[in-house]
Amino acid sequence: MKQFRNFSVGVLVFVLASLCFSLVSAEFRHDVTEHQLDNGLTVLLYENHTAPVISYYTFFKVGSRNERPGITGISHFFEHMMFNGAEKYGPQMFDLQLESNGGYSNAYTSKNLTVYYENFSSDILELVIDMESDRMATLAFEPEMLASEIGVVKEERRVSVDNDNTGILWEELFATAFMAHSYSWPIVGWMDDLNSITREDCLEYHRTYYAPNNAVVVISGDFETEQAVDLMIRYFSHIKAGPPPVEVVQNEPAQRGPRRAVIKRAAQHPHLMRGYHVGDKDSEDLYALEILQFILLTGESCRLHQTLVNDLELSLGLFGGFDWGFDPSLFYLYAAVSPGKDIADVEAAIDSVLNDLSGFGPTDNELQRAKNSLTANFYKGYKTNGGMAHQIGYYQTLYGDWRKMYSFVDNIKAVTAEDVKNTVIKYFSPDAATTAVLVPEGGAL
Amino acid sequence: MKTTWILIVLCCILIVPPAAAKIHLPQSNDFRLDNGLTVRVIERPELPLFSLELCFKAGSIYDPEGQEGLANLCNNMLMRGTTSRSARQIAEEISFGGGTLYNYCGRETAGFSGEFLSENGVKGFQILADILLNASFANDELIKTRNRILAEIESRFESPSVIATEEFYNQVLGESKFAHIPAGSVSSVSTLTREDVLDFFHLAYAPDNCILVVCGDINKKTVREWARQYLGSWRGKTGLAKTAEINRPVADREVVILDKPDATQTQIRIGNIGLIRNHPDYIPFETARTVFAGSFTARLINEVRVKRGLTYNIRMRSPEYSQCGLVYVSTFTKNESVGEVLDIILDETERIRTEPIPDDELKGAINYRTGLYPLNFETNDDIVDTYVNLWLYNLDKPYFEEFQERMRMMTPEAVLASTAAHFPFKDYRIVLVGKADDIRSQAEAFGTVTVKPFVE
């Protein structure tokens, strides 16, 4: 995930008009103001007065990788609890205040990050800052709200994992590919762990990971920077810094051979997932992997679609990708195996596509197609206020410097066919594969 | 995720007019080619991109009896190669320029939509014209495409949610042309031939049966030149018969359980016939729907999710078509809570049907809807979609431009009149997809229960 925008229209027009093609990314710059409070809270502000609206993003450097066995799912559970009341604004008040003023909020949790955002008209910036401060400083964990919200999360797990064949296979793939690292468990958490999370666990988690020194706030839109900084100081300075989070140990041992997991379950057709360990966010192969992801998985012209769906008619559809993680991640492929087709044939076809790439690399045309489309998508993503805020915050939280977002296009452009070929050789050998398959059991669901 | 809305919002948080600002749709420049093709161009030069949609009244309601799925197969075949380009070449040429072009087929419409960089935009017109004028409908591609669609029809049973909604359509709409899914059924699609597809193509894909809307960094002159150059020689007259539907509600209470013995959670749909697209009660109905189950602070969210933790998501949905509509509550819960959730839905329905919405609650809902309303018109795609709907449903610009103003005028009394008329839960159909052994006894309190296997 990487994209987003905002800035003066003139700059964007220039950038996009030169796209794909002859892009001079040095021209792609924004006037972002940086401010750090004494408690460690990083605040990034980007003024855009095109319209009287604001996007407010808060990034917490915490995801499911920061959990431990017994409380898996607590990061995602926090994403829910943050809307269930604090000292000044009680249960439902956050949404009530925002919605009744024509605003909107939501959030997401990944293995690496938890991100909250609001979009609202510029006249209620102070209200939003006040509410965000309130829940960072004094989030309440009322027992009845904890119990009710755990019920909500369990329903979320039931609908997205326990009663969803793709979701359950995804869980199995990561649990098989990772033996030691916390990337092994699902973001939503194991069901039994959801039953075990205590109020004390929540208080400790909040104190550590929802402290200002573990957060980045990005405000993008129609405001005056000086005024917004004053508001941030007024509402956030009193919040104490938290203890430094415990570093997540990169303890995953090297994979020494192919791994396989099989789920037998009611299904209309088989499902297949493959995973290959790749590097982290600082990997030298990051951008070659982005290109490879496009060549293998994006659009009807990609290799796996052409081979599996179009030519051999083995699959109904595909998706896949990899995270830019703090720790070495997993590049995964998913194929919905057509009813009546053999999983082994799908695996052989995937191996054949990878073999071809490791032997000959991509063609000039598909390499250029990948670069053009990734570059176009990168800039298209900058069309929105929220996108701009997300991009700034994402890079700041991941790399400690939002400016790194400017290197994306140049890094994509620099990838050669040889780089892609070598990346396939390096990461995608048969011995490095983890395969998870779901085999239909008993015919009817 | 807090809710499934996240994806929508991530994609479209943007530069919007002020929350209270009135919407002004950008002016379109319209012209018609000699062959009858209507073209609308909306110039928005801020970004060097444009979006287009070529929309035909050629969706699945035009499927002949016994040939359900024909409209969809025909639409799919149009992307499967021309006399000069293979399907793969079409995909590669579009993506090389950083563009996109998708085909679609719904109940009422079918067509193509895409986004292109302005400087490569001519490619979009060239390929669109090639598809319409020179589609090859090759037999081997037809067999492949038909097989893929058949497999997709079977794979729907991977999703209890999808099947629950489809069954609800069947239960409420019965024999209506709107009842069946665009993909058709295994039995109907299996019989479709190349001749069937060609016949449908000639009847449906004619210049007088569609609209081309283009919006973005492209001017009327360029569009006119490209349209004339590439689509000017396109000929044909539509021969599709118009459908006539009666929007008649069900008048009793029935519960259909699709038995899925391995399910630990039950999908729930409850509702009846709803409003057609341009119904005069649309504004009060939408106001009530927002209060009832249309936002994070809505009544059903509060009662079912926040207070009791019984679901992750509960919404009232109201798909509206030109000749019929549906209104229903969609949610899911663990098997043992099905009766409790249905009770809450019906209790809350009774409340909103009989008690005026308190002023503060009504004002909050109106502010929410009117404040976010500009998000519907932000991108080029949004504008294209709006103009397609103007054409499809015979709407006028004030329908959109006066939405906020009309909603702000809503009174508790006006909304109450709407809920009494259009919250159809006195009589209803309930569809439950779950483990029958666990939910049958709970369901019996809500109507006559029929249990069917999940997969027929």
Side-chain angles (χ1 to χ4, degrees), chain A residues 9 12-13 16-17 19-20 50-53 55 79-80 83 92 95-96 99-104 106-108 119 121 147-152 155-156 158-159 162-163 165 266-269 299-301 306 310 313 316 336 338-339 368-369 372-373 375-376 380 383-387 444-445, chain B residues 1-3 5-6 9-10 12-19 46-49 87-88 91-92 95-98 117 119 144 147-148 151-152 154-155 157-158 160 260 262-265 295-297 302 305-312 332-334 363-364 367-368 370-372 379 453-455:
Chain A
V9 165
L12 180 62
V13 169
L16 280 172
L19 234 197
C20 295
T50 312
V53 291
S55 288
E79 182 207 315
H80 285 240
F83 294 89
Q92 283 248 283
D95 280 330
L96 271 173
E99 288 188 356
S100 62
N101 282 286
Y104 181 82
N106 214 324
Y108 72 87
N119 303 280
S121 62
S148 168
E149 202 62 45
I150 277 291
V152 173
E155 289 303 332
E156 185 177 355
R158 287 189 186 100
V159 76
D162 299 336
N163 291 277
N165 287 339
Q268 286 297 301
H269 57 78
E300 288 209 6
S301 61
Q306 284 298 325
N310 201 44
E313 300 179 73
L316 296 169
S338 297
Q368 194 59 47
R369 195 151 29 93
N372 291 350
S373 288
T375 304
K380 284 176 190 174
K383 285 188 286 193
T384 69
N385 230 359
L445 277 167
Chain B
M1 282 187 293
K2 187 177 160 198
T3 82
W5 289 8
I6 183 174
V9 171
L10 267 179
C12 59
I13 317 275
L14 18 147
I15 301 176
V16 296
E46 289 84 1
L47 305 172
L49 301 160
R88 181 174 186 156
E92 288 182 356
S95 79
F96 194 88
L117 292 164
E119 65 179 11
K144 272 188 189 179
N147 287 342
R148 179 173 53 76
E152 287 171 356
E154 289 185 40
S155 74
F157 289 94
E158 289 286 298
K260 193 170 184 303
D262 66 322
T264 59
Q265 185 181 58
S295 78
F296 284 138
T297 53
N302 198 41
R305 173 175 161 152
V306 176
K307 284 187 183 172
R308 297 174 177 84
L310 294 176
T311 191
Y312 171 56
F332 45 83
T333 190
K334 58 185 182 296
K363 187 179 174 190
N367 285 347
Y368 174 68
T370 56
L372 292 178
T379 66
F454 178 62
V455 181

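Quick note on labels: first sequence line is chain A, next is B, and so on, each numbered from 1. The model shown is predicted, which means the values in this text are computed figures rather than measured ones. Atoms considered below: every heavy atom in the structure, side chains included; atoms not considered: hydrogens, waters and symmetry mates.
Judged purely by atom type and a 3.5 angstrom limit, B:Thr297 has no side-chain atom pairing as donor or acceptor with the backbone of A:Leu96. Between the A:Ser55 side chain and the A:Asn119 main chain, no donor and acceptor come within less than 3.5 Å of each other. Using modelled atom types, no side-chain atom of A:Asn372 and backbone atom of B:Ser95 make a donor-acceptor pair closer than 3.5 Å.
Nearest approach of B:Leu117 to B:Leu49, heavy atoms of both residues: CD2-CD2, 3.4 Å. Summarising the geometry of B:Glu92 relative to A:Arg369, their closest heavy-atom pair is O-CD, 3.4 Å, with the distance given to 0.1 Å.
When each of B:Asn302, B:Thr264, B:Leu310 is scored by its heavy-atom pairs under 4.5 Å with chain A, the top score falls to B:Thr264. For the options B:Ala263, B:Pro453, B:Ala151, B:Ala87, heavy-atom pairs under 4.5 Å to chain A are most numerous at B:Ala151. In terms of heavy-atom pairs under 4.5 Å with chain B, the best-connected choice from A:Gly103, A:Gly151, A:Ser148 is A:Ser148.
In this structure, the portions of A:Glu300 lying under 4.5 Å from any heavy atom of chain B include both its backbone and its side chain. Residue B:Arg148 touches chain A through both its backbone and its side chain, counting heavy-atom pairs closer than 4.5 Å.
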